[in-house]
Amino acid sequence: MHKRKAGELQAKPTPPVGTVEQRNRPPGDVRIGDFLYLDGAFQRVRDMRAAGTSAHRVLHFTGRAPVIMREPRTIYRPLELL
C-alpha cells in the first residue's frame, strides 16, 4: 500500500456523478445545487446570499462554514440544472 509522504499532494477525487465541470464561473453565476471542491471534498451549495454586490456571494453548505466567493472558480453543475 502506498503511503503519502509529508507535503505530497493528494489527487482530486472524481466529481459527483451527473455533473459537468464549468471553469472560471463568476460568483453571480453560481446556483443552488452546484458543487464546489473545498478542503478535499465536493460540497453542494444549499443556500446563498449576496455579499454587498453581485460580484460577491456567500455560499452555504451542509456541515461546513459558509464561504465568501469573490472571484471566478470552477464549479460542477448537475445536468438537470443546465
Side-chain angles (χ1 to χ4, degrees):
M1 174 165 42
H2 175 74
K3 292 188 179 199
R4 278 193 316 137
K5 298 176 185 171
E8 185 178 339
L9 293 178
Q10 194 174 20
K12 185 190 286 189
T14 304
V17 174
T19 62
V20 176
E21 182 179 48
Q22 306 273 306
R23 293 180 187 232
N24 298 316
R25 304 311 296 190
D29 192 36
V30 175
R31 301 177 190 170
I32 292 173
D34 288 344
F35 289 85
L36 275 77
Y37 185 70
L38 302 167
D39 299 329
F42 288 95
Q43 303 289 327
R44 187 174 201 146
V45 177
R46 298 290 180 194
D47 197 11
M48 70 176 100
R49 301 282 185 261
T53 69
S54 63
H56 298 85
R57 293 274 190 249
V58 179
L59 306 177
H60 296 267
F61 307 91
T62 300
R64 186 187 194 294
V67 170
I68 299 174
M69 186 173 168
R70 295 183 174 99
E71 57 191 34
R73 297 184 67 147
T74 298
I75 62 170
Y76 298 84
R77 180 156 293 156
L79 293 172
E80 66 266 9
L81 295 179
L82 289 176

Asker: At their closest point, which heavy atom of Pro72 faces which heavy atom of Pro27, and how far apart are they?
Answerer: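 Reported closest heavy-atom pair: N-CD, 4.3 Å.
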Asker: When rounded to the nearest 0.5 angstrom, what distance separates CG in Asp47 from OG1 in Thr62?
Answerer: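 Atom-to-atom, Asp47:CG and Thr62:OG1 are 10.0 Å apart.
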Asker: Look at the side-chain heavy atoms of Ile, Leu, Val, Met, Phe, Trp and Tyr, link any pair under 4.5 Å apart, and say whether Val45 and Ile75 land in one connected group.
Answerer: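 Yes: a chain of side-chain contacts under 4.5 Å links Val45 to Ile75.
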Asker: If you define the side chain from C-beta out and look only at heavy atoms, does anything of Ile32 sit under 4.5 Å from Met48?
Answerer: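 Heavy-atom side-chain distance check passes, below 4.5 Å.
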Asker: According to a 4.5 Å side-chain heavy-atom criterion applied to Ile, Leu, Val, Met, Phe, Trp and Tyr, with indirect links allowed, do Val30 and Leu38 form part of one hydrophobic cluster?
Answerer: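 As far as the 4.5 Å side-chain criterion goes, Leu38 and Val30 are connected within one cluster.
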Asker: So, for Pro66 and Val58, which heavy atoms are closest and what is the spacing to 0.1 Å?
Answerer: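 That would be CB-CG1, 3.9 Å.
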Asker: Considering only NZ, NE, NH1 and NH2 on the basic side and carboxylate oxygens on the acidic side, decide whether Arg64 and Asp39 come within less than 4.0 Å.
Answerer: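 Looking at Arg64 and Asp39, the cut-off is met.
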Asker: Identify the heavy atoms of Gly40 and Pro13 that sit nearest to each other, and give their distance.
Answerer: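 Scanning both residues, the minimum pair turns out to be O-CG, 4.2 Å.
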Asker: Quick check: do Phe61 and Val67 have side-chain heavy atoms less than 4.5 Å from each other?
Answerer: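 In short, these two side chains touch, coming nearer than 4.5 Å.
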Asker: Quick check for you: to the nearest 0.5 Å, what is the distance between Thr19 atom OG1 and Glu80 atom CD?
Answerer: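 One gets 10.0 Å once the value is rounded to the nearest 0.5 Å.
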Asker: Can you find a pair of side-chain heavy atoms, one from Pro15 and one from Tyr37, that are under 4.5 Å apart?
Answerer: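 Sidechains of Tyr37 and Pro15: no contact.
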Asker: Find the distance between CD (Glu71) and CZ (Arg25) and round it off to the nearest 0.5 Å.
Answerer: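 Going from the CD atom of Glu71 to the CZ atom of Arg25 covers 15.5 Å.
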Asker: What's the spacing between Leu59 CG and Asp34 CG if we round to 0.5 Å?
Answerer: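 So the gap between those two atoms works out to 9.0 Å.
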Asker: Which distance, rounded to the nearest 0.5 Å, do you find between the OH of Tyr76 and the CG of Leu36?
Answerer: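 Answer rounded to 0.5 Å: 9.0 Å.
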Asker: I need the Met69 CE to Arg57 CZ distance, nearest 0.5 Å.
Answerer: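 Spacing of CE (Met69) from CZ (Arg57) equals 9.5 Å.
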